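The chains referred to below are lettered A, B, ... by the order of the sequence lines, with proteins before strands, and numbering in each begins at 1. The structure presented is a predicted model; accordingly, all values stated were derived computationally and were not measured.
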Number of protein chains: 2
Amino acid sequence: MTRIQRRNRSAILEAALDVFSQNGFRGATLDQIAQSSGLSKPNLLYYFASKEAIHIELLSGLMEIWLAPLHAVDPGGVPQAELMGYMRRKLEMSRQMPRESRLFANEVLQGAPRFLDGIRGDLKTLVDAKAKVIRHWSASGKIADIDPYHLIFSIWALTQHYADFEVQVRSVLGPDRDPFQEAEGFLEELFSRLLKPVDDAAH
Amino acid sequence: MTRIQRRNRSAILEAALDVFSQNGFRGATLDQIAQSSGLSKPNLLYYFASKEAIHIELLSGLMEIWLAPLHAVDPGGVPQAELMGYMRRKLEMSRQMPRESRLFANEVLQGAPRFLDGIRGDLKTLVDAKAKVIRHWSASGKIADIDPYHLIFSIWALTQHYADFEVQVRSVLGPDRDPFQEAEGFLEELFSRLLKPVDDAAH
DNA sequence: GTCTATAGTCTGATAGAC
DNA sequence: GTCTATCAGACTATAGAC
């Protein structure tokens, strides 16, 4: 692949991320992507077979990046620190990559018609593996005895909320507050309390 | 308005809830709504001026129901019980009204272009009022000293996650588990821990 | 009030010159 | 590789008969 091809492909994907993340698959148009990427509409289709091909390429290309923080949870690390670190990295991704968050949110919200394989495959496999690690940490008393799947869901829900519903969060907080900075402290407190094992010796 | 008119209008709105919540505004078509409601396409437009009018009517009509649980938080009640009750009612709404949850999620996710007034108006006003109540509870030591806005966001994020991302949650948990029933216990534990005031006497 | 027919527009994709 | 021109289908909305 030439340098020009690489540059055009990535310009298309960059523009597509903008457009798909804001409008969802059906709401997005090739015209918008063409305009935003600076290429003509037929030229998009020279690089990608169809509108759907662009979308699929985007999703699968971002999947690895998106799952990296969970992948990085180390079974050999300090449980509390590993999980707090995972939460922090996810929040940081919501801050730095809100478009990616909304891209996935749009897709899942609408039933993941173009992505169910990825969810049922890579995602489930990874979550199952990490859930086993977390369950072990709970069983050995290193963290509280809570369901690992719902713990992971709660990290997703709380961190991605600030990206996916950013318009609402900012509207409610008003223009002078920084949602992400405040979320950092709040979620730190929340997950500290959630993960702390019950200290039976205190009773 | 005749009985027939009332029945047709509500049939349209019921069908529109199905279609808009699954596809978003731009992804939805009048054909789908017509088919789902059993009326012809021109007949939809006899009852509503446009596709957008249907959507706006849906959103504003559901706004009151959607905010009722927060409205019901009683400044005179027992703080911990009030907030746990709010969380429980929100989770119950995710279970019973996932389409409504996804309708709002789609709209907010895409920047709330048809709903920003509602968010900046009624929603912000209500949240501001309840935040003041919660802050007072914190200050008097009845619950933990946490930010009331982010507490409310966390209730929204965690309860609505089970409706909005239901496909993903079910795929990860597998077919034999009941997400909502499990969430009940998990969120009960999470918010109990989060709201509990620090007991200084213990140190 | 409800229908068929259709106007007018938008959209994904292709043809073919260069 | 990139463009202009354009097709075929889908879409919102309206006209007009009944």
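- Between A/K41 and B/L45, the residue anchored closer to the 5' end of DNA chain D is A/K41, taking for each the nucleotide with the nearest heavy atom.
- Taking all atoms of both residues into account, the shortest heavy-atom contact from A/V167 to B/G111 is CG2-CA, 3.8 Å.
- Taking each heavy atom of A/H150 and B/A183 in turn, the nearest pair found is CE1-N, 3.8 Å.
- Sequence order on DNA chain D of the closest nucleotides to A/L39 and B/D31 puts A/L39 first from the 5' end.
- Think of the region where chain A sits on DNA chain D: with heavy atoms and a 4.0 Å cut, that region ends 5' and 3' at D/dG1 to D/dC11.
- Within the nucleic acid shown, B/L30 comes within 4.0 Å of sugar-phosphate atoms alone, with no base atom in reach, counting heavy atoms only.
- When heavy atoms are screened at a 4.0 angstrom cut-off, A/A28 is found touching the sugar-phosphate backbone but no base atom.
- Between the NE2 atom of A/H55 and the C1' atom of C/dA13 there is a distance of 19 Å, given to the nearest Å.
- The two residues B/G77 and B/W137 have their closest heavy-atom pair at O-CZ2, 4.4 Å.
- Both A/T29 and B/S40 lie near DNA chain C, and the one whose nearest nucleotide falls closer to the 5' end is B/S40.
- Ring centroid separation for the pair A/F115 and A/F104 comes in under the 6.0 Å cut-off.
- Here the shortest heavy-atom pairing between B/L30 and B/K51 reads CD2-CB, 4.0 Å.
- Using a 4.0 Å heavy-atom cutoff across all strands shown, A/A53 reaches no nucleic acid atom at all.
- Scanning both residues, A/F186 and B/D147, for their nearest heavy atoms gives CE1-O, 4.0 Å.
- In this structure, A/Q32 atom CD and C/dC10 atom P are separated by 13 Å, rounded to whole Å.
- Nucleotide C/dA15 holds its P atom 16 Å from the OH atom of A/Y46, rounded to whole Å.
- In plain terms, the two heavy atoms of B/K124 and A/G174 that are nearest each other are NZ-N, 4.5 Å.
- When rounded to the nearest whole Å, the span between CD of A/Q35 and P of C/dC10 equals 14 Å.
- Rounded to an integer number of Å, the gap from CZ of A/F25 to P of C/dG12 is 8 Å.
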